Engineer: 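My questions will all concern the structure given below.
Naming convention: chains lettered A, B, ... in sequence-line order (proteins, then strands); numbering from 1 in each chain. Just so it is clear, the model here is predicted, and its values are computed rather than measured.
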2 protein chains.
Amino acid sequence: MQTLSKNQQIIFDLIDKSPEPMKAYSILHNVQKKGIKAPLQVYRALDKLVEIGKIHKIESRNAFIACHNSSCQVSKATAFSICEICEKVTEISSASLSKYLTNFKDKDGMKYSKYNLEFFGLCKKCR
Amino acid sequence: MQTLSKNQQIIFDLIDKSPEPMKAYSILHNVQKKGIKAPLQVYRALDKLVEIGKIHKIESRNAFIACHNSSCQVSKATAFSICEICEKVTEISSASLSKYLTNFKDKDGMKYSKYNLEFFGLCKKCR
DNA sequence: TTACATAATGTTATATTATAACAATTTAAT
DNA sequence: ATTAAATTGTTATAATATAACATTATGTAA
């Protein structure tokens, strides 16, 4: 459990409190009062937080959410469900899914060091 | 099998011939001699081609490849392997994988209408 | 074949997302 | 204390993507 730097902590706290994925420039607007003024300061903190697994990037949305999967110290095996109406995103933690994908080998026998899976559909509320 | 419009055909042909995923502005540069001058013309064609399943977007790379999976008329179930060194991308067509993911239900019993999976690792050459 | 709706095009401007380059400061480990 | 590594601050700019509006082409049904 590594300690975060000032900017990293500010930005992680914001993302962690957010009920939905946050975009970089929305993060920027929200932390300007705390002295973080430039996009690069945000992106650097985001890069680091992703690297150490505290947050994940939702690639199809260019947005970031806090990791709520205690077992994933590093973002090497991620799966999300995304509601196409309300854009709610939930991290999926399914042992059988992660086992299946971690062990998946393609035709050439290639094994992978990392994966990211995004499911799309309608959440309970929106159905 | 629907016929493509002029711009769609030009852009599809380019992507289809490319051995690697192409980015939108690289596509733009390559079709300017054919009269496609503006980013929006490219993005509109890309949107349509994705919609009808002729190409796929590699979300983690903001790039596009032609679909080489004859069974996927529409891009509702996609899986790719991505080499982290040479950036080669291959579409995975595994019946067992697609069956597993298509039938996957999360804890709430939510079933999904679509998914996209990206595996990362090293390809044969780069290993 | 005319009318009508739908899809595609062309164009300019602008919004959004992300990184380059350089200097200074802080932190952590010897 | 010294030094390397990480982090910060700052300005500028690159890369990715969409808004808004006018026009033209295509398909379909009376």
Engineer: How many whole angstroms separate atom CD1 of A/Ile52 from atom C1' of D/dA6?
Structural biologist: 13 Å

Engineer: Would you say C/dT11 has OP1 or OP2 under 4.0 Å from some side-chain N or O of B/Lys37?
Structural biologist: yes

Engineer: Does any N or O in the side chain of A/Ser113 come within less than 3.5 Å of the main-chain N or O of B/Phe120, such that one atom is a donor and the other an acceptor?
Structural biologist: yes

Engineer: Establish, with yes or no, whether the OP1 or OP2 oxygen of D/dT7 is under 4.0 angstrom from a side-chain nitrogen or oxygen of A/Lys48.
Structural biologist: yes

Engineer: Dump the pairs, protein N or O against N or O of nucleotides 23-29 of chain C, anything under 3.5 Å, distances to one decimal.
Structural biologist:
none

Engineer: Considering non-hydrogen atoms only, spot the tightest contact between B/Glu59 and A/Ser60 and give its length.
Structural biologist: OE1-CA, 3.6 Å

Engineer: Can you tell me which residue pairs pass the ring-ring contact (aromatic ring centres under 6.0 Å, His included) test with a partner in residues 78-107 of chain B, sequence neighbours excluded?
Structural biologist: A/Tyr100-B/Tyr100, A/Phe119-B/Phe104, B/His56-B/Phe80

Engineer: For residues B/Cys67 and B/Gly53, report the shortest heavy-atom separation together with the two atoms involved.
Structural biologist: CB-O, 3.4 Å

Engineer: So, is A/Gln8 near the phosphate of D/dT7, with a side-chain N or O under 4.0 Å from OP1 or OP2?
Structural biologist: yes

Engineer: Tell me which donor-acceptor pairs under 3.5 Å the side chains of residues 18-30 of chain A have, and how far apart each pair is, sequence neighbours excluded?
Structural biologist:
unit_1, atom_1, unit_2, atom_2, d
A/Ser18, OG, A/Glu20, N, 3.2
A/Ser18, OG, A/Glu20, O, 2.5
A/Lys23, NZ, A/Arg61, O, 3.4
A/His29, ND1, A/Tyr25, O, 3.0
A/Asn30, ND2, A/Ser26, O, 2.8

Engineer: Which residues pass the side-chain hydrogen bond (donor to acceptor under 3.5 Å, both in side chains) test with B/Glu84, sequence neighbours left out?
Structural biologist: none

Engineer: What string of B, S and - do you get for nucleotides 12-18 of chain C, 5' to 3', if B is base contact, S is sugar-phosphate-only contact and - is no contact with any protein heavy atom under 4.0 Å?
Structural biologist: B----BB

Engineer: Sequence neighbours left out, what passes side-chain hydrogen bond (donor to acceptor under 3.5 Å, both in side chains) with A/Asn7? Give chain and number order.
Structural biologist: none

Engineer: Distance check: side-chain N/O of A/Gln41 vs OP1/OP2 of D/dG9, anything under 4.0 Å?
Structural biologist: yes

Engineer: Looking only at side-chain N and O atoms, does B/Ser5 come under 4.0 Å of OP1 or OP2 in C/dT9?
Structural biologist: yes

